[in-house]
Amino acid sequence: MTWAPACDTSLRFEGAVLIDGSGAPPVPNATVITDEHGRISYAGSAAEAPATSEAVVIDVTGHTLLPGFFDCHVHMAMTPGRRLTEGLGADPVVDVFATAGRLRETLHAGVTTVRDLGGTPAGFRTAIEQGLIEGPRLQVAVKVIGHTGGHADCSLPSGINAAPWLTELADTPDQVRVAARRMLRDGADVIKVCATGGMGSPHDDPDDEGLTIEEMRAAVTEGRRHRGRKVAAHAQGAAGIRNALLSGVTSVEHAYGITDELCDLARQQDAFLVPTLATAFRPLDPAAMPEYHYRKKSRWAGVTKENIARAISHGVKIAVGTDAGVTPHGFNLRELSYLVELGMEPMAAIVAGTRTSAELLGLADTLGTVEAGKIADLVVVAGDPLADISLLGRPQSVVLVAQAGVVRKNLL
Ligand SMILES: [Zn+2]
């Protein structure tokens, strides 16, 4: 990634409890120093911290300092609750500004890196890199590859495609290969495929299979040929989760119908799950969604909680993603509370949202933990998230956000 932040100040954070994202025990009274290139030069106990002459000192006594968080499944350009047909009448200029606002809101929620799995053009990534707007570091899929009549097909009965900005249809391995090439041409960092139907799509069901193993394999091969780009598979029902895993995708998104056997397969394949629990925990309002969507959601919410709790206890690698855009933007770290509610330890949930997510995005060499040499993406939270994990999901508790050594939010 060509992330080149403007940073010319060294920062020295003093007095916080440090949770470094590696799963190591918290360090009380820690000092974290960043250099003028936006890198961490020291993270550890205050007693061993080197002296600095030029650094700006930020007193964070009584707070907790953590790595910048990740959300590995967002749709920044989507307006939660907007029906497909409403999107047809929306003003694209207004929508661009709305997306820019959400990017800033997401950053201020403590999320310094996101992976956008459909609907957001690569230009937003460029605009952030160039400093035109503020937002999390972005990886984008651009559009979603799926088969005719499947989850990515937003055709209305009139024949009009209600979401040309999202839809990339392909029905054979060769067509998937070409579709993947189009996405890579358009700047995709990751390829998104549909292995099953979904909740919000009118034509199908989560248990329906989407692209075949051979079709998804074509996307995996094409990504590998192109700077090792990874494939993320939307997969909800068990049959499609199996197909996705056997095709060699890097991550299974949603995974609501995962079974014991598929947990084992995920571990064998070294795949990540991104369970997007926000979709299952959000209260449903039948008046605010189409009838088919409400019906599918109410049937799947309970099953999802049971199955993801099982995946957690099986030790499958879990990264954090919310499906923000389908769920509300700007409350991304509520997802950690949901993971804890399903049996994950608070420290493990923090690792899922930092180090493990950085691994999924291929960024673990430079991000995901607070340690010397890494990029200084830092979050300061008022209070102790190990005692109350829900603090992280409240943007007002996230009192400071720094990205590559640049303070982007400061409520101190
Ligand atoms: Zn999604």
Side-chain angles (χ1 to χ4, degrees), residues 70-84 87 99 102-103 106 111 113-121 124 136 138-147 150-154 162-163 165-168 183 188-206 208 210-211 216 219 230-237 240-241 244 249-258 272-282 289-290 293 296-297 300-301 304 308 318-332 334-335 338 357 360-361:
F70 287 67
D71 188 331
C72 303
H73 191 135
V74 296
H75 302 278
M76 296 309 307
M78 280 189 196
T79 307
R82 183 192 273 175
R83 292 175 191 233
L84 274 178
T99 300
R102 286 178 204 130
L103 285 161
T106 303
V111 176
T113 307
V114 298
R115 186 178 63 157
D116 188 295
L117 290 184
T120 303
F124 284 97
L138 256 180
Q139 289 192 359
V140 296
V142 185
K143 296 182 189 177
V144 179
I145 304 174
H147 72 279
H151 183 55
D153 190 342
C154 300
W165 45 274
L166 183 66
T167 296
E168 191 66 35
M183 294 304 94
D189 305 284
V190 55
I191 300 167
K192 168 84 173 289
V193 296
C194 291
T196 68
M199 308 279 174
S201 39
H203 310 292
D204 61 14
D205 199 72
D208 291 345
L211 295 178
M216 285 187 275
K230 298 174 181 184
V231 176
H234 162 102
Q236 298 186 342
I241 295 172
V249 302
T250 302
S251 64
V252 172
E253 309 296 315
H254 315 303
Y256 304 146
I258 196 160
F272 293 79
L273 297 193
V274 182
T276 62
L277 293 170
T279 62
F281 277 84
R282 191 171 54 124
M289 57 214 303
H293 195 180
K296 288 192 262 187
K297 282 240 152 194
W300 276 84
T304 297
I308 300 301
I318 290 180
V320 164
T322 59
D323 221 353
V326 175
T327 61
H329 293 279
F331 299 95
N332 312 64
R334 285 180 184 169
E335 188 72 17
Y338 305 144
S357 291
L360 168 57
L361 270 57

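In listed order, ligands and their atoms are each counted from 1. Positions are given from 1 along the sequence. Since the structure is predicted, the reported quantities are computational estimates derived from the model, not experimental observations.
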Rounded to the nearest 0.5 Å, what separation is found between the CG atom of D116 and the CZ atom of F124?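 So the gap between those two atoms works out to 9.5 Å.
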
Polar side-chain atom of Q139 near backbone of L361 as donor-acceptor pair, under 3.5 Å: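 Judged by distance alone, yes, a pair lies under 3.5 Å.
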
Do you see a donor-acceptor pair shorter than 3.5 Å between the side chains of D323 and H75?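 A donor-acceptor contact under 3.5 Å links the two side chains.
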
Under the side-chain contact (heavy atoms from CB on, under 4.5 Å) criterion, do T106 and D71 qualify, and how do the steps go? CA-CA 9 Å; T106 303; D71 188 331; 5.7 Å; no

Taking the Zn ion (ligand 1) as the centre, count the protein N/O/S atoms lying under 2.8 Å from it.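 The number of such protein atoms is 3.
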
What side-chain donor-acceptor pairs closer than 3.5 Å can you find for residues 191-199, not counting sequence neighbours?
residue : atom : partner : partner atom : Å
K192    : NZ   : L117    : O            : 3.0
T196    : OG1  : Q236    : N            : 2.9

In terms of relative ring orientation, are H234 and H151 parallel, tilted or perpendicular, with 30° and 60° separating the classes?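 H234 and H151: parallel rings.
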
